[in-house]
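Throughout, residue positions are numbered sequentially from 1 according to the sequence presented. Worth knowing before you read on, the calculation uses all heavy atoms, side chains too, and leaves out hydrogens, waters and symmetry mates.
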Amino acid sequence: MRWVSEWKNHLQEQLAELVAWPPWFGPMAERLLSSLAAEELLDLEDILGRMSYYERDEWEQLSPPEVRKLARGSFRTWSLGLLSFHRNGYVRHEAVRLLARQSDGNELRYLVIRQNDWVEPISRDARAAVEVRLTEHYLPEFVRILPLVVRLLAFTRYQHFPTVQKVVEMLCRPKHAALISEILGSAHRSSRRHVARIALDHPGEHRRRVIKCGLASDDGVLRLWSCRAVPSALGGDDLKSILDKLKNDRFMPVRRETLRIRAQHFPASARAIWEGALLDSNAAIREVARYELNKLGSFDAAAFYRNTIANEPANIAGLCGLGEAGDVSDVAMLRSYLTSPTPGHRRAALRGIASLAEEAAVADILRCLDDVSPAVVREAQKNIAPLLYLVDAERLFQLSSGNRPWHVRRTACRLIFELGKWKSLPWLIRLSVHEDQRIAQLAQELAAAWFSFPRATRVFTTLLDAERQAILEAVDATRNRIPIGFLASIEDWLTRG
């Protein structure tokens, strides 16, 4: 698209000059269009559509008879391709009619685009021309512009699905096995996904090949769709073998779908399958497992997790599960993990305590805000945010101003900001003169954020006398060190407050 961008500002002038010199029009069209990928042609249509409608030049004044004069010689298809983007519907229609007579394959991309033309006769003729080309002979051309073909599915002006479906059905034939495998492994996500979805819905032996390619893909969505299709294509030991591999897939939806298929097709092992899922690393799968086990009969998930931790104290999934399914009586045991040398244990224990103890967990969460692990501090920040009304602002100030790791001080400073407009300002003013310039800069930026868009137009809390006094005291305590510009801003804020 770089070449088009360079021409964008004076493209209309260039087109007008070239229309006046027909022999030059074809080479210019070839230079422009050959530099664009199939999908980028839609950008070209947008650029040409934004050009001034009121310019009375040769390009805007083109008529259908002149289309034939410009489209001739070895550059005929390139010329017609460019003319098919013209603003004038009669010109586009003539270009489409002449493109339909071409058969070098290069005309296909322009006909595909014009299928969605807002003028129905143009769209009708383009669709008819594309329909004629839905043959084995033209399949390589459709594959070459596949991103443009599947893009048709995003348009709703006309029904384009049959066109895309016919292309995919041709690809599903045994002789094109290598070609469809190449597409499913391509870097173009939209192409591989649309082809896979339509191919999996189309009955035939090709489905096994598509499933095999999909399961080997780096695309998690392709693996998920292929996983769902496995039972309809495989059975018995083959099905079991595939599912055994998929149960450890890195994409959570694939693991979850695998569990459901295994439990459905091997009901005798359903309880064992779901009990194993109770220790999955993902919380959503653990929740599904508990739900399915309760459907199979009464099941004490908390007891299961307590027993797991007793036998495997280092099991993080068991620790997470206990925080999800346990009760207040488990808080003491979870608290013992807050001193673990492993950040994962501390983080899981903190999450569980916050879930089970709720407001009573404030002290534990504040302690974890001073953790050496950024991951633990992030977890503490997430869990303390809804409980800030219970937190002493001075405690956060100590965390943000002491000799602590940067991630601790930065998080504490941001939590002070979350206390509210006027409550946070005295502490942010004091932090604005911190010896660490990073904290000082952050405090000034956060203070200014309360009086800048969008918060300035959304927060209208009234400044109480006690809050004004606290701000003035903070200003007096830092007056000799506070930046002059920041001090002037504070005085202006107080006036407006």
Side-chain angles (χ1 to χ4, degrees), residues 350 354 358-372 374 376-497:
L350 173 61
E358 298 179 343
E359 292 185 354
V362 169
D364 293 308
I365 300 173
L366 286 174
R367 194 157 47 247
C368 290
L369 278 173
D370 200 9
D371 199 277
V372 295
V376 176
V377 173
R378 284 194 298 271
E379 187 67 39
Q381 179 184 17
K382 181 174 69 175
N383 285 286
I384 201 64
L387 304 172
L388 278 176
Y389 64 94
L390 298 172
V391 176
D392 182 4
E394 188 170 358
R395 170 62 173 150
L396 295 176
F397 177 75
Q398 292 170 355
L399 287 171
S400 60
S401 58
N403 185 23
R404 291 176 170 83
W406 165 242
H407 66 271
V408 173
R409 289 182 289 147
R410 178 184 57 197
T411 299
C413 193
R414 292 187 178 279
L415 286 172
I416 287 174
F417 174 77
E418 296 297 334
L419 291 172
K421 185 175 184 178
W422 302 116
K423 189 175 181 180
S424 66
L425 201 54
W427 304 103
L428 294 174
I429 291 171
R430 295 175 188 274
L431 289 171
S432 70
V433 297
H434 196 278
E435 59 184 12
D436 188 332
Q437 285 302 309
R438 293 177 298 177
I439 284 292
Q441 183 66 28
L442 177 59
Q444 293 177 41
E445 291 174 357
L446 291 174
W450 284 121
F451 303 92
S452 306
F453 182 82
R455 287 184 175 84
T457 61
R458 295 177 181 174
V459 182
F460 301 99
T461 54
T462 303
L463 176 59
L464 303 177
D465 291 340
E467 293 170 336
R468 181 185 294 274
Q469 183 61 34
I471 293 171
L472 292 174
E473 290 175 359
V475 170
D476 289 339
T478 58
R479 187 176 295 275
N480 295 332
R481 295 173 292 160
I482 195 169
I484 296 175
F486 185 51
L487 178 60
S489 296
I490 295 170
E491 292 172 346
D492 178 56
W493 298 338
L494 291 175
T495 301
R496 286 186 285 162

Report yes or no: is the cationic atom of Arg438 (NZ for Lys, CZ for Arg) closer than 6.0 Å to the six-membered ring centre of Trp406, at no more than 45° off its axis?
yes
How many angstroms lie between atom CG of Asp370 and atom CD of Gln398, to the nearest 0.5 angstrom?
10.5 Å
Would you name the heavy atoms of His434 and Ser400 that are closest together and state the gap between them?
NE2-O, 4.2 Å
With side chains defined as the heavy atoms from C-beta onward, is the minimum distance between Tyr389 and Glu359 less than 4.5 Å?
yes
Between the side chains of Ser424 and Trp450, is a donor N or O closer than 3.5 angstrom to an acceptor N or O?
yes
Which atoms form the tightest heavy-atom contact between Trp427 and Ile416, and what is the distance?
CB-CG2, 3.8 Å
Is His407 reaching over with its side chain to a backbone N or O of Asp371, donor-acceptor style, under 3.5 angstrom?
yes
How far does CZ of Arg430 sit from CD of Glu394, to the nearest 0.5 angstrom?
9.0 Å
Whether over 12 other heavy atoms sit under 6.0 Å from Asp465 CG
no
Listed by chain and number, what are the side-chain hydrogen bond (donor to acceptor under 3.5 Å, both in side chains) partners of Arg367, not counting sequence neighbours?
Asp364
For the pair Gln444 and Leu431, evaluate side-chain contact (heavy atoms from CB on, under 4.5 Å) and give the outcome as yes or no after the intermediate values.
CA-CA 8 Å; Gln444 293 177 41; Leu431 289 171; over 6 Å; no
Separation of Thr411 OG1 from Ile384 CD1 (nearest 0.5 Å)
12.5 Å
If I take atom CG from residue Leu415 and atom CG from residue Leu399, how far apart are they, to the nearest 0.5 angstrom?
9.0 Å
Quick one: does Glu467's side chain have a donor or acceptor within less than 3.5 Å of a partner on Leu464's backbone?
yes
List the steps and the verdict of side-chain contact (heavy atoms from CB on, under 4.5 Å) for Ile490 and Ile429.
CA-CA 9 Å; Ile490 295 170; Ile429 291 171; 3.7 Å; yes
Minimum heavy-atom separation for Asn383 to Leu387, with atom names?
O-CD1, 3.9 Å
Please report the C-alpha distance between Cys368 and Val377 in whole Å, then the side-chain angles of each, then the deciding distance to 0.1 Å, and finally whether the side-chain contact (heavy atoms from CB on, under 4.5 Å) criterion is met.
CA-CA 6 Å; Cys368 290; Val377 173; over 6 Å; no
What heavy-atom pair brings Ile365 and Ala380 nearest, and what distance separates the two atoms?
CG2-O, 3.3 Å
Are Lys421 and Phe451 close enough that some pair of their side-chain heavy atoms sits under 4.5 Å apart?
yes
Compare every heavy atom of Ala443 with every heavy atom of Ser432, then report the nearest pair and how far apart it is.
N-CB, 3.9 Å
In Å and rounded to the nearest 0.5 Å, what is the CZ to CG distance from Phe397 to Leu428?
10.0 Å
For Ala361 and Ala354, the nearest pair of non-hydrogen atoms, with its separation, is CB-CA, 3.9 Å
Passes side-chain contact (heavy atoms from CB on, under 4.5 Å), Ser401 versus Ile439? Steps please.
CA-CA 8 Å; Ser401 58; Ile439 284 292; over 6 Å; no
Compare all side-chain heavy atoms of Leu369 with those of Leu396 and state whether any distance is below 4.5 angstrom.
yes
Just how far is it from atom CD1 of Ile471 to atom CG of Leu425, taken to the nearest 0.5 Å?
4.5 Å
Any donor-acceptor pair under 3.5 Å from Arg409 side chain to Arg404 backbone:
yes
